[in-house]
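Below is one structure, written out as structure tokens; the observations come after it.
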Amino acid sequence: MQKKMAEKFTFFLLAILLLLMGSPGQGRPITRNTTLSMVSDGAQNVWQPTYIQLKSLILLDSCEQTYGFLPCTTTVLGNVFLILVYGYLMFRAAKLLCDGCEILLEILGPGIIGGLFLPVLSSLPDAIIILASGLSGSRETAQSQVSVGIGLLAGSTVMLLTVLWGSCLILGKCDLESSLSTDPKDTKGFSLTGSGVSTDIWTSYAARIMAISVIPFIIVQLPDVLHSTSQSRIAILIALIVSISLLLSYSLYQVFQPWIQKRRIDFAKHKHVIAGLLKHLSVRALGRLLTDDGEPNTTVIERLFMMIDENGDGRLSPAELRALVLGIRFEEIDMDIEDAVEKVMKEFDTSCDSFIDLDEFVRGISKWLIEAKRSAVKQGKLIHLHHFHEQTKKEHHLLGDHGGHYGETVKNPVWNTFKAGMMLLLGTIVAAVFADPLVDAVDSFSTASSIPSFFVSFVILPIACTSEAVSALNFAGRKKLKTASLTYSQIYGSVTMSNILSLSVFLGLVYFRDLTWDFAAEVLVILIVCIVMGAIASFRTTFPLWMSLVAYALYPFSLLLVYILDYVFGWS
């Protein structure tokens, strides 16, 4: 009841505020001259009715009305109000798109939906605002407002890779042990080197793709670097083509990535079965499994076979194999005993009679020992099976077997699919409707406050368009390798889509509207942040807490660099 009353009261206050700030209504005027006819022609001695209006915030006679539902304004406070309102509406649109994407992904899983359709939708608010910044008005107006678009493009990239990246590291930190975070152990406080976050190997691949996505930025700046401004339009066209090609390639990669991950994880499980079984047999063996020459010790392997063959019939049954692997901790990699037995039988049983004879056992163990010898670290002539076992366990850990039985745990999948579709449709409509008024409000605020529109859009618009930041922080706070991997993969994926989808829209505007490309400082900031953070995340999977300070420092550095290059050295 109290919630409903609060909602009604909020709506009432909003209605009053809109009335106060609205433009005056124009009714049929009333004349003061009582001697005239009661029917007024509206032209004589007109008395204008008074009205309530916040003229300190809005000046109606010197601004151009946007089609938005709020009146225009030329003052700082008035435009702040408009930015807050339209920015909130864009935030709600981005939230609808984000939530709708998550519901569809949960129901339908990765593949075409998760790889091609949803990444595009999640980046739609940014693309629409960039489109609105350069599409409306004359060429001169577009040239002026397009700074809002480049500010959003740079601001989104920098905010995701600095403020959000560092915050996720702080919230998701766990104790670091043997270069890996320990889920969900967090006893070292804010130790800069003793606590941090670990991610799986797929996350580092996502960071490498993100670093590759800056190629169009480099191409478009080549004429300036080579002092050949006459080739600027050709460079913009080439960068546009490359950006669209990268968008298609990235989408295809996302489509096929689940199958790539599954094959890699299955292979890692197979190697872990090999390592676990060899380590277990080496403990039970009455001798070493390898000779001094590093070759399989056939005599010891045959004795092992006789020990495992409980009924002495000269062959191992699935039940006898099951008894062998019971002591191996395969639950560490989310594999039960039956899976391990099946893998061993499939590897050893070359006669396909569901039994393993002595020759098959010797050949199978010898093959595994040779494979382990190639993979493990050697000391002298002997390999250490314990080390091989630990390495394979770590390898599987870094692959991050996310699993996922999509659609099985979702109640009413048909209704939820319809609900997600409506959320995506509504979010797209809201973003399309209010993108242009938001751009106009930012541009007007820039004019009124004498603050360049780039800096306004750089700081404010990414907050309105990045609704997944809240969910990313909540996800990181669960302090697990799996959730940390998904969080950082989402960040790198969002930056990648911004670098290729949003940039494609921006380059298309500049080329087809024949606008001037004059954004060297902004492009340099994007390149620096993407390359620095991409290099950090591409070649390591564990991030100590001190790296959050590096990420945070890049944000003010980016703003300061653009200011110095543009307004001190006059790059733009």
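Because the structure is a prediction, the values reported are computed rather than measured.
- Panel note: side chain Arg513, backbone Gly134; a donor-acceptor pair is recorded below 3.5 Å.
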Discussion item. Before you tell me yes or no, could you show the steps for Phe539 and Arg208 under side chain to side chain contact (heavy atoms under 4.5 Å, CB included), namely the whole-Å CA-CA distance, both residues' side-chain angles and the distance that decides it to 0.1 Å?
Written reply: CA-CA 9 Å; Phe539 301 104; Arg208 295 175 191 177; 4.2 Å; yes

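- Contact check for Tyr492 versus Tyr205: no side-chain heavy atoms found under the 4.5 Å cut-off.
- Put simply, the side chain of Ser243 never gets that close to the backbone of Ala239: no donor and acceptor are under 3.5 Å apart.
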Discussion item. The test is side-chain hydrogen bond (donor to acceptor under 3.5 Å, both in side chains); show your working for Thr447 and Ser444 and say whether it passes.
Written reply: CA-CA 5 Å; Thr447 302; Ser444 298; 6.0 Å; no

Worksheet item: Passes side chain to side chain contact (heavy atoms under 4.5 Å, CB included), Thr516 versus Arg139? Steps please.
Response: CA-CA 10 Å; Thr516 302; Arg139 180 176 176 273; 4.3 Å; yes

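- Distance check: Leu89 CG to Tyr86 OH gives 8.0 Å after rounding to the nearest 0.5 Å.
- When all heavy atoms of Pro544 and Leu176 are compared, the closest pair comes out as CA-CD1, 4.1 Å.
- Contact between Ala420 and Gly100 at its shortest, heavy atoms only, is CB-O, 3.6 Å.
- Side chains of Ile170 and Phe190 form a contact here, defined as non-hydrogen atoms less than 4.5 Å apart.
- Here the rule is side-chain hydrogen bond (donor to acceptor under 3.5 Å, both in side chains) with Asp126, and of Ser498, Ser494, Ser156 only Ser156 fits it.
- Paired with Ser457 under the rule side-chain contact (heavy atoms from CB on, under 4.5 Å), one option of Ile150, Leu438, Val148 passes, and it is Val148.
- For Gln143, the side-chain hydrogen bond (donor to acceptor under 3.5 Å, both in side chains) test picks out no residue, with sequence neighbours left out.
- Residues Tyr250 and Gly493 come closest through the heavy atom pair OH-CA, 3.5 Å.
- If you take OG on Ser548 and CG on Leu192, they are separated by 7.5 Å, rounding to the nearest 0.5 Å.
- The backbone N or O of Met210 sits less than 3.5 Å from a side-chain atom of Ser213, completing a donor-acceptor pair.
- In this structure, Ser204 contributes its side chain and Ile201 its backbone to a donor-acceptor pair below 3.5 Å.
- Taking OG1 of Thr496 as the start and CG of Leu160 as the end, the distance is 10.5 Å to the nearest 0.5 Å.
- At a threshold of 4.5 Å between non-hydrogen side-chain atoms, the residues Trp571 and Asp224 do not count as touching.
- Using a 4.5 Å heavy-atom cutoff, the side chains of Val430 and Arg92 are not in contact.
- For Asn499 (side chain) and Val214 (main-chain N/O), no donor-acceptor pair under 3.5 Å exists by modelled atom type.
- Between Phe506 and Phe519, the ring planes are perpendicular. Angles over 60° get that label, and only those under 30° would be called parallel.
- The side-chain contact (heavy atoms from CB on, under 4.5 Å) test with Ser133 is passed by exactly one of Leu461, Val439, Leu153, Asp436: Val439.
- For the pair Ser558 and Phe458, the minimum side-chain heavy-atom distance is below 4.5 Å.
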Practice prompt. In sequence, state the C-alpha distance, the side-chain angles, and the governing distance for Val442 and Ile83, and then conclude on side chain to side chain contact (heavy atoms under 4.5 Å, CB included).
Written response: CA-CA 7 Å; Val442 170; Ile83 291 174; 4.2 Å; yes

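- Between Phe455 and Tyr567, the ring-plane angle classifies as tilted under the 30° and 60° cut-offs.
- Considering every non-hydrogen atom in both Ala476 and Thr487, the closest pair reads N-OG1, 3.7 Å.
- Side-chain polar atoms of Ser453 and Ser446 form no donor-acceptor pair below 3.5 angstrom.
- Pro462 and Leu152 make their closest contact through N-CD1, 3.9 Å (heavy atoms, listed as atom of the first residue, atom of the second, distance).
- Minimum heavy-atom separation, Leu82 to Ala441: CB-CB, 3.9 Å.
- Residues Leu560 and Pro556 have side chains not in contact (no heavy-atom distance under 4.5 Å, counting atoms from C-beta outward).
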Discussion item. For Asp514 and Arg233: C-alpha separation, side-chain torsions, deciding distance, then whether side chain to side chain contact (heavy atoms under 4.5 Å, CB included) applies.
Written reply: CA-CA 8 Å; Asp514 196 19; Arg233 279 185 59 78; 3.1 Å; yes

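- Put simply, CG on Leu84 and CG on Asn79 are 10.5 Å apart, with the number rounded to the nearest 0.5 Å.
- Side-chain atoms of Thr199 and Thr541 include no donor-acceptor pair closer than 3.5 Å.
- Distance check, rounded to the nearest 0.5 Å: CG of Leu426 to CG of Leu97 gives 9.0 Å.
- By the 4.5 Å heavy-atom criterion applied to side chains, Leu509 and Leu131 are counted as neighbours.
- The backbone N or O of Ser181 sits less than 3.5 Å from a side-chain atom of Ser198, completing a donor-acceptor pair.
- Two residues are said to be in side-chain contact when any heavy atoms from C-beta on lie closer than 4.5 Å; Ser144 and Asp443 meet this criterion.
- Between the side chain of Lys480 and the backbone N or O of Ser485 there is no donor-acceptor pair closer than 3.5 Å.
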Practice prompt. Please report the C-alpha distance between Ser489 and Thr203 in whole Å, then the side-chain angles of each, then the deciding distance to 0.1 Å, and finally whether the side-chain hydrogen bond (donor to acceptor under 3.5 Å, both in side chains) criterion is met.
Written response: CA-CA 5 Å; Ser489 294; Thr203 308; 3.2 Å; yes

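- Lys419 contributes atom NZ, which lies 12.0 Å from atom CG of Leu424 (distance to the nearest 0.5 angstrom).
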